[in-house]
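Have a look at the structure below, then the notes.
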Amino acid sequence: MAEKQQVFDIIEEITRLDGSTYYELGNIFMNGQAELAANRGLIKGVRILQLNIPHSNAVQTYEDYINNTYTMPAVDFTEWEEWEKTPGPVEEAFKEVLKANHIG
């Protein structure tokens, strides 16, 4: 579990090392982590697609899942962990957030 509950307010596009991309919800702290991962060669890049997304029930569902499933990496991380969107309510909530923000 995360030491501190993370609140998501941005949507990012992350480029993997193979050049493929995926979307992720996050916040400015997490964006900084992704930028650091890009600098360390763990991912190719990250860009913010949407700032200040509305904090809907779908965002809350996804936040709860991530906060209860993953630990936010320390500054000295050496791997990039892509969060799995499990089929069912989590995946549906994620898709709903993207659709509400006209992404994807």
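Numbers for residues simply follow the sequence, beginning at 1. Because only heavy atoms are used, hydrogens play no part in the values below, and waters and symmetry mates are left out as well, while side chains stay in.
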Worked check of side chain to side chain contact (heavy atoms under 4.5 Å, CB included) between I11 and I53 = CA-CA 8 Å; I11 300 173; I53 61 173; 3.8 Å; yes

Can you check side chain to side chain contact (heavy atoms under 4.5 Å, CB included) on W80 and I14, steps first, answer last?
-> CA-CA 11 Å; W80 180 254; I14 297 174; 3.6 Å; yes

Go through the steps for W83 and L25 under the test side chain to side chain contact (heavy atoms under 4.5 Å, CB included), then give the verdict.
-> CA-CA 10 Å; W83 296 335; L25 302 186; 6.0 Å; no

Derivation and outcome, side chain to side chain contact (heavy atoms under 4.5 Å, CB included), residues T15 and Y22 | CA-CA 7 Å; T15 304; Y22 70 98; over 6 Å; no

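Here the closest heavy-atom approach between residue A38 and residue G45 is recorded as CB-CA, 4.0 Å.
If you take CD on E82 and NZ on K85, they are separated by 6.0 Å, rounding to the nearest 0.5 Å. In this structure, L17 CG and L42 CG are separated by 7.5 Å, a value rounded to the nearest 0.5 Å. In this structure, CZ in R47 is found 8.5 Å from OG1 in T21, a value given to the nearest 0.5 Å. In this structure, CD1 on I66 lies 11.0 Å from OG1 on T71, to the nearest 0.5 angstrom. For the atom pair I48 CD1 and I10 CD1, the distance stands at 4.0 Å (nearest 0.5 Å).
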Could you go through residues 87-103 and list every donor-acceptor pair under 3.5 Å that involves a side-chain atom there, pairing it with any protein atom two or more places apart or in another chain?
from : atom 1 : to  : atom 2 : distance (Å)
N101 : ND2    : V97 : O      : 2.8

What donor-acceptor contacts under 3.5 angstrom involve side-chain atoms of residues 26-35, with partners at least two apart or in another chain?
from : atom 1 : to  : atom 2 : distance (Å)
N27  : OD1    : F29 : N      : 3.1
N27  : OD1    : M30 : N      : 2.9
N27  : ND2    : Q6  : OE1    : 2.8
N27  : ND2    : V7  : O      : 3.1
N31  : ND2    : E12 : OE2    : 2.8
Q33  : NE2    : P73 : O      : 2.7

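For E81, the side chain to side chain donor-acceptor pair (under 3.5 Å) test picks out no residue, with sequence neighbours left out. Every residue two or more places apart in sequence or in another chain was checked for a salt bridge (charged side-chain N to carboxylate O under 4.0 Å, His left out) with R40, and none qualifies. Residues passing the salt bridge (charged side-chain N to carboxylate O under 4.0 Å, His left out) test with E84: none are found, sequence neighbours excluded. For the salt bridge (charged side-chain N to carboxylate O under 4.0 Å, His left out) test, no residue two or more places apart in sequence or in another chain qualifies with E63.
Applying the 6.0 Å contact sphere to CG of N57 captures no more than 12 heavy atoms from other residues, nucleotides or ligands.
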